[in-house]
Amino acid sequence: MDLKNKALFATQSLIGGTWSDADSGATFAVTNPANGDVVAEVADCGRAEVARAVDIAYDAQKGWAAMLASERQKVLMRWHDLIIANADDLAAIITAEMGKPLAEAKGEVVYGASFIEWFAHEAPRIYGDTIPQHQADKRIVVLKQPIGVVGSITPWNFPVAMITRKVAPALAVGCSVVARPAELTPLSATALAVLAKEAGFPDGVFNVVTGADASEMGKELCENQKVRKITFTGSTRVGRILMKQCAEDITKVSLELGGNAPFLVFDDADIDAAVEGAIISKYRNAGQTCVCANRIYVQAGVYDAFAEKLAAKVSEMKVGPGTEEGVNIGPLISEPALKKVREHLEDATAKGAEILIGGTQPNLGGTFFNPTVMTGATQDMLIAREETFGPVAGLFKFETEDEAVAMANDTEFGLAAYFYTRDLGRSWRVGEALEYGIVGLNTGLISTQVAPFGGVKQSGIGREGSKYGTDDFLEIKYLCMGGV
Ligand SMILES: NC(=O)C1=CN([C@@H]2O[C@H](COP(=O)(O)OP(=O)(O)OC[C@H]3O[C@@H](n4cnc5c(N)ncnc54)[C@H](OP(=O)(O)O)[C@@H]3O)[C@@H](O)[C@H]2O)C=CC1
Ligand SMILES: O=C(O)[C@H](O)CS(=O)(=O)O
């Protein structure tokens, strides 16, 4: 990585404003998924370091909450401006540790910074209420107060944006944060911490603890009674573990979990627009996003035309290292990720699906995989039941609207769904019938800081972004005054 701002390359944890090695001195390697090169050796902290960070965050939180909201806003905006000023370097770090194309990485940095700006402006707008009294001598006011110390656990696929989407609202309302980034992508988190320190967050308000033992570090965050909220993005499997661990102390949780997004194309759709939406929704981040189209349902009358057009667009895509000009599809994050993609392909073809394009690895070695389109997908295939988290599109055929909605909803997940139609009545009927937290109508790109991102069913609890995004980090208290 050739960084302009070398200070962004930080391999220690930030605990209480001090850059720290692991107590044991141990480190873990961060590797570049494009070539297997070791990018850095990073402090391998554990439960003790997390506990220390929580103690410090607990002490720092009261002073941070006592600041004027306008003062917190200024610090957040300085952080935002520093992130934007260092966007090229932050993008280079993202691409080095998780592989996405530089252009996508730059987009992620800007997307991540947008949450900081959004919640900086929300900070002075955390309003309470007065309530008409129930007795003549009483007066009631409702206060909204920061919940306290927040533990943040985030995945590798958006190593900047998943952190800022969580910590920005928490910090804006006066919480302090202990953030534990994924083992695969700690450098984005420590770079954010470098800029947070420069922006002027008081020591201990924002802590980043790096380490490889997610389970033990997560247990400390869940079981430490000074932590009042866990905010998590990742698999439903891990979300369930965290929720169970938080049950003992009734620690609140926000969970952004796995998806299994249906993408419906009706006969009356603009087929070219639907193809464009499918390309964005399916192949962004090499298919490694929780809102990627995972099942593409196409009405019989336009199935062949859609399949042909989609395959033609996919054939124009370039696979390669994210640093290479013009690359659309970078490497998958790991060998297990590649194995899962292969499993879904082999299962589907064994059950009758046909590969229209792709289905193979390019001669680049590693975890690169060609973008793929399959026809003849059916509900009994793994690709219909599990999130592929890779650049493989399975096309399913349907006859009627009711059949499409029933298949789309036939899953325990409920994060994002998409559908294309130009019929007004169908737009309302299908939009209301889809059991998902986010629905894209005639668009494949739904992510924005202004809207409440989150899922239903086993895709999670809580919302991130939008005017709703601070709710998860606030406690509501009412003051009942007598003798008036
Ligand atoms: N809803 C969303 O936005 C996202 C959903 N996902 C889903 O997650 C799946 C796998 O992605 P992946 O990132 O591996 O998700 P994981 O759930 O495995 O990991 C997410 C984060 O949780 C950490 N973690 C893992 N196990 C524990 C534990 N027992 N206690 C505390 N923390 C833990 C991981 O650490 P470490 O990586 O160091 O092990 C990582 O930081 C995807 O297939 C997708 O379905 C993934 C990303 C985003
Ligand atoms: O975790 C993810 O996959 C992200 O939430 C997807 S998005 O916010 O970039 O759409």
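Atoms within each ligand, like the ligands themselves, are counted from 1 in listed order.
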Counting heavy atoms only, which of [options] is nearest [atom]?
| atom | options | answer |
| --- | --- | --- |
| atom 17 (O) of ligand 1 | A161, S235, G211, S152 | S235 |
| atom 34 (C) of ligand 1 | R180, E183, M162 | R180 |
| atom 2 (C) of ligand 2 | G465, P155, S281, C290 | C290 |
| atom 26 (N) of ligand 1 | N260, L415, V238 | V238 |
| atom 28 (C) of ligand 1 | S459, P155, S215 | S215 |
| atom 6 (N) of ligand 1 | G258, G460, G234, P181 | G234 |

note = Taking only non-hydrogen atoms of Y111 and a 4.0 Å limit, the atoms of ligand 2 in range are 7 (S), 8 (O), 9 (O)
message = Show the atoms of ligand 2 that are less than 4.0 angstrom away from any heavy atom in M162.
response = 1 (O), 4 (C), 5 (O)
At less than 4.0 angstrom from any non-hydrogen atom of [X], what atoms of ligand 1 do you find?
| X | result |
| --- | --- |
| E256 | 1 (N), 2 (C) |
| T233 | 2 (C), 3 (O), 4 (C), 20 (C), 48 (C) |
| T154 | 21 (C), 40 (C), 41 (O) |

key: Side chain, backbone, both or neither: the part of M217 lying under 4.0 Å from ligand 1 by heavy atom   = neither
query = What do you reckon, does R284 have a nitrogen or oxygen under 3.5 Å from a nitrogen or oxygen of ligand 2?
reply = yes
inquiry  = Once you restrict to heavy atoms under 4.0 Å, what part of N157 touches ligand 2? Side chain, backbone, both or neither.
reply    = side chain
ask   = Can you find a side-chain donor-acceptor pair between N157 and Q288 that sits under 3.5 Å?
value = no
